[in-house]
Engineer: 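Mind having a look at this structure? Questions to follow.
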2 protein chains.
Amino acid sequence: MAVGGATYAHGVPKRPTLQDVADAVGLAPATVSYALRGERGSADTLARVQAAATALGYQINPIAAALASGRSRTVAVLCGSTRDLWQQSLTADLARALLAEGRHALVADADGHPEREEALLAKLRDQRPDGLLVAPLDPFAAQWEELARQLPVVAIGDRLAEAPSAGAVVFDNARGFAQVFDHLAELGHRRIAVVLPERPSTPDRPAERLVAREARRCGMSVDLVRTAPATADADTMTDHLATALGGRDRPTAAFCLTDSFAFAVLRAARRLGLEVPGDLSVVGFEDVEFADLAGPGLTTVDWGRGAVVDAAVGQLLAAVDDDEPLRTVTISPRLVVRGTTGPAPSRS
Amino acid sequence: MAVGGATYAHGVPKRPTLQDVADAVGLAPATVSYALRGERGSADTLARVQAAATALGYQINPIAAALASGRSRTVAVLCGSTRDLWQQSLTADLARALLAEGRHALVADADGHPEREEALLAKLRDQRPDGLLVAPLDPFAAQWEELARQLPVVAIGDRLAEAPSAGAVVFDNARGFAQVFDHLAELGHRRIAVVLPERPSTPDRPAERLVAREARRCGMSVDLVRTAPATADADTMTDHLATALGGRDRPTAAFCLTDSFAFAVLRAARRLGLEVPGDLSVVGFEDVEFADLAGPGLTTVDWGRGAVVDAAVGQLLAAVDDDEPLRTVTISPRLVVRGTTGPAPSRS
DNA sequence: CCGGGGAAGTGAAGCGCTTCATATTACCCA
DNA sequence: TGGGTAATATGAAGCGCTTCACTTCCCCGG
């Protein structure tokens, strides 16, 4: 190439290979391979190989290793939608945690489309990851079953209905919901809107059922607002909310199953001219960073992202490395009361 | 394994290989390889190969392909610190954009430690990525030079001082700063604090110089607050701020070179009992999502993350695929005035 | 003194693909 | 009708590593 374009074929100094190290110490490549992994060989050999490798600046070629061994020291991270703040942070934290454990993270983002989730999965699988961490968009999809048979899978946020062999880190929604309902009930709210993601293929709707149960328990009535999982934009939410809040006997609080939803509701409320929490109380359900800064501070349920990440990564790597069984870990909630909730406005 | 642990060696149905497809159509593997990539072969052959591949459910093994060809269809994304909200979103967006272009993203996060940045780079390089997108922690490090000779590199946020052959997507700080200073000057601020990341090895300090110039231009005095790049926590910021705001003739506004810094300042101000913007105006410099929701809405400079992502990914892939030259793209700023800035308090 | 057993080291066969050099065929124009 | 050329197809050599099966060698007990 004369014009522009550096051509990267030149100037690359061709890194030393296993063979080079083997030649340097006068041993067979096989021996070096074992020695470098500390799997076999005398202490002496091991030391000499180490020394030679260091001296030559040898770095293993993970691609060749992956091809030969069938495992890649890479973990796929599939996220339902990074437009959701909590998931975005989760993904970043997972990648960081994996890296700390010496694995690379191969991240993909289904961006709210269940069909994309499926397609991405196929592609990720081709990269032969050692395991998969997924915040599933559609936990009821059939694909999980086969996948979980092929490699260790840990789901975050939902159990994979069709894949009993997969691990999971789930939230104790029953307790979380109870705390939220109690809090709102104490403040005198009698009718609330519940904003939740609509799921593509949900035979049963545990969240809905829980909401109904809590409403009954606290003597509240509920307006369900279903919206796309990635909806954090105010426009859609404004529409939803305008409808929900239209009637005379309108809800006085909104309980959002995602902090991103709560932010959208906050924006929508602003547009609709509603004071928070004067006219409308808002509760989130995740405690993202910055929840404390949103408006008067978002009241929300904290699940401890660190705990989630540790549980998920720990469990997955235990399965990958030591063939430990996968299980379901339940994370406990903590209600964090901030400024977006207040007494229900008196009915006029 | 009797107890627990599924062993994933079994039940994996062994995917079809190139050879299988070749057998199916009665052609040589080489022919199939070319055909599948549409590089050679008659239209007829091509169609038959396609059909057979589909019928068998053949999926290429990217690892084998990478080993044989020396390129991986993977792009490494190295991020200075995903604790910074803007970078976190940036990383997510980059991954999404890459995926849309059919590349996998291999993400790594230096987490604020320049030495980790170097180590990660070595590991990433071993994975033989086709290119590298990096939001550098230390744009002055020497390592970039060699790296940029070996593969296409695009830096985001800073030009890599030592690597003239690398591409870059940078911000027009001169204009951004000017807008911020004008805005604050108009509001009557005469002394401001500027919160900026301290850089590990910075021979010259362009940001500092710009700040000085603008201050002179607007007749302001400036207190520099340097803090670790990943500092978004309120504790540290409170300390910094307490010091900076201690004197009698204290700054009446804080200009933060990162929205995350601004959020930390907002928190710190709350702790110190300062009203925003009554006692202290705060300006960010990135416009992360939700900046509008922080307190009374963060005044900040918007760089359009979408534009940054497009420029970076577009440029990099053009270099990877078509050997196009890399260049420096400058992104223009837009000041977004929201609620965290107001008139300077009258001196008492 | 001999045989058995275990540790250390090795040869060679892949893993599944790309790609170069070569062979084959077909086609066109002189 | 024949030689040249372009278009297709193919054989085979890797890419750099892992791992199985095997040889050597040494040590110890019988």
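In what follows, chains carry the letters A, B, and so on, assigned in the order in which the sequence lines appear, proteins first and then strands, with residues in each chain numbered from 1.
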Engineer: What I'd like to find out is whether the side chain of Leu18(B) reaches to under 4.5 Å of the side chain of Ser33(B), using heavy atoms alone.
Structural biologist: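 Leu18(B) reaches Ser33(B) side chain to side chain.
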Engineer: Can you tell me how far P of dC17(C) sits from CD of Gln127(A), to the nearest Å?
Structural biologist: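 Distance check: Gln127(A) CD to dC17(C) P gives 13 Å.
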Engineer: Run the side chain to side chain donor-acceptor pair (under 3.5 Å) test against Gln87(A) and tell me which residues pass, sequence neighbours left out.
Structural biologist: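 By the side chain to side chain donor-acceptor pair (under 3.5 Å) rule, Gln87(A) matches no residue at all.
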Engineer: So what does Thr17(B) hit on the nucleic acid, given a heavy-atom distance under 4.0 Å: a base, only sugar-phosphate, or nothing?
Structural biologist: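 Here Thr17(B) touches the backbone only, sparing every base.
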Engineer: Kindly state which residues belonging to residues 53-65 of chain B come within less than 4.0 angstrom of DNA chain C, counting heavy atoms of the residue only, listed by number.
Structural biologist: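 Hits under 4.0 Å, by residue number: Tyr58(B), Ile60(B), Asn61(B), Ala64(B), Ala65(B).
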Engineer: Determine: side-chain N/O of Ser33(B) to OP1/OP2 of dT19(C), distance under 4.0 Å, yes or no.
Structural biologist: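 No.
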Engineer: To the nearest Å, give me how far apart CG (Leu36(B)) and P (dA9(D)) are.
Structural biologist: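 For the pair Leu36(B) CG and dA9(D) P, the rounded distance is 13 Å.
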Engineer: Expressed in angstrom and rounded to an integer, what is the separation of Arg73(B) atom CZ from dT18(C) atom C1'?
Structural biologist: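 So the CZ-C1' distance, Arg73(B) to dT18(C), works out to 14 Å.
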Engineer: For Ser69(A) and dC15(C), is the shortest distance between a side-chain N/O and OP1 or OP2 below 4.0 Å?
Structural biologist: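 It does not, given that no N or O in the side chain of Ser69(A) lies less than 4.0 Å from OP1 or OP2 of dC15(C).
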Engineer: Write down the protein N/O and nucleotide N/O pairs, taken from nucleotides 20-28 of chain D, whose separation is under 3.5 Å; answer none if there are no such pairs.
Structural biologist:
| from | atom 1 | to | atom 2 | distance (Å) |
| --- | --- | --- | --- | --- |
| dC20(D) | N4 | Tyr34(A) | OH | 3.0 |

Engineer: Looking at Glu324(A), is its backbone amide N or carbonyl O close enough to the side chain of Asp322(A) to form a donor-acceptor pair, meaning the two atoms are under 3.5 Å apart?
Structural biologist: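 Judged by distance alone, no pair lies under 3.5 Å.
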Engineer: Please enumerate all protein N or O atoms sitting under 3.5 Å from an N or O of nucleotides 23-25 of chain C, with distances to 0.1 Å.
Structural biologist:
none

Engineer: Between atom CZ in Arg128(A) and atom P in dC15(C), what is the gap in whole Å?
Structural biologist: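 Between P of dC15(C) and CZ of Arg128(A): 13 Å.
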Engineer: When the axes are fitted on five pairs at both termini, how much does the helix from dC1(C)-dG30(D) to dA30(C)-dT1(D) curve, in 10° steps?
Structural biologist: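 Here the local axes at opposite ends form an angle of 40°.
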Engineer: May I ask you to evaluate whether Arg37(A) reaches the phosphate of dC17(D), defined as a side-chain N or O under 4.0 Å from OP1 or OP2?
Structural biologist: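 Checking dC17(D) against Arg37(A), no side-chain N or O comes under 4.0 Å of OP1 or OP2.
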Engineer: Where each residue is assigned the nucleotide of DNA chain D containing its nearest heavy atom, which of Gly26(B) and Arg71(A) is assigned the position nearer the 5′ end?
Structural biologist: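 Its nearest nucleotide lies further toward 5', so the answer is Gly26(B).
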Engineer: For Asp130(B), enumerate each residue passing the side chain to side chain donor-acceptor pair (under 3.5 Å) test, keeping only those at least two apart in sequence or located in another chain.
Structural biologist: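 Expected list: Arg103(B).
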Engineer: So, is Ser42(B) close to the dT8(D) phosphate, meaning a side-chain N or O under 4.0 Å from OP1 or OP2?
Structural biologist: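 Indeed not, no polar side-chain atom of Ser42(B) lies that close.
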Engineer: Using a 3.5 Å distance criterion without hydrogens, assess whether the side chain of Thr82(B) forms a donor-acceptor pair with backbone atoms of Gln88(B).
Structural biologist: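 No; zero donor-acceptor contacts below 3.5 Å.
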Engineer: Is any side-chain N of the basic residue among Asp126(B) and Arg15(A) closer than 4.0 Å to the acidic one's carboxylate O?
Structural biologist: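 Yes, this pair counts.
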Engineer: Which comes earlier along DNA chain D counting from the 5' end, the contact point of Leu67(A) or that of Leu27(B), where each point is its nearest nucleotide?
Structural biologist: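 Counting from the 5' end, the first nearest nucleotide belongs to Leu27(B).
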Engineer: Strictly below 4.0 Å, N to O, side chains only: are Arg96(A) and Asp93(A) in salt-bridge contact?
Structural biologist: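 Salt bridge between Arg96(A) and Asp93(A), a charged N being under 4.0 Å from a carboxylate O: yes.
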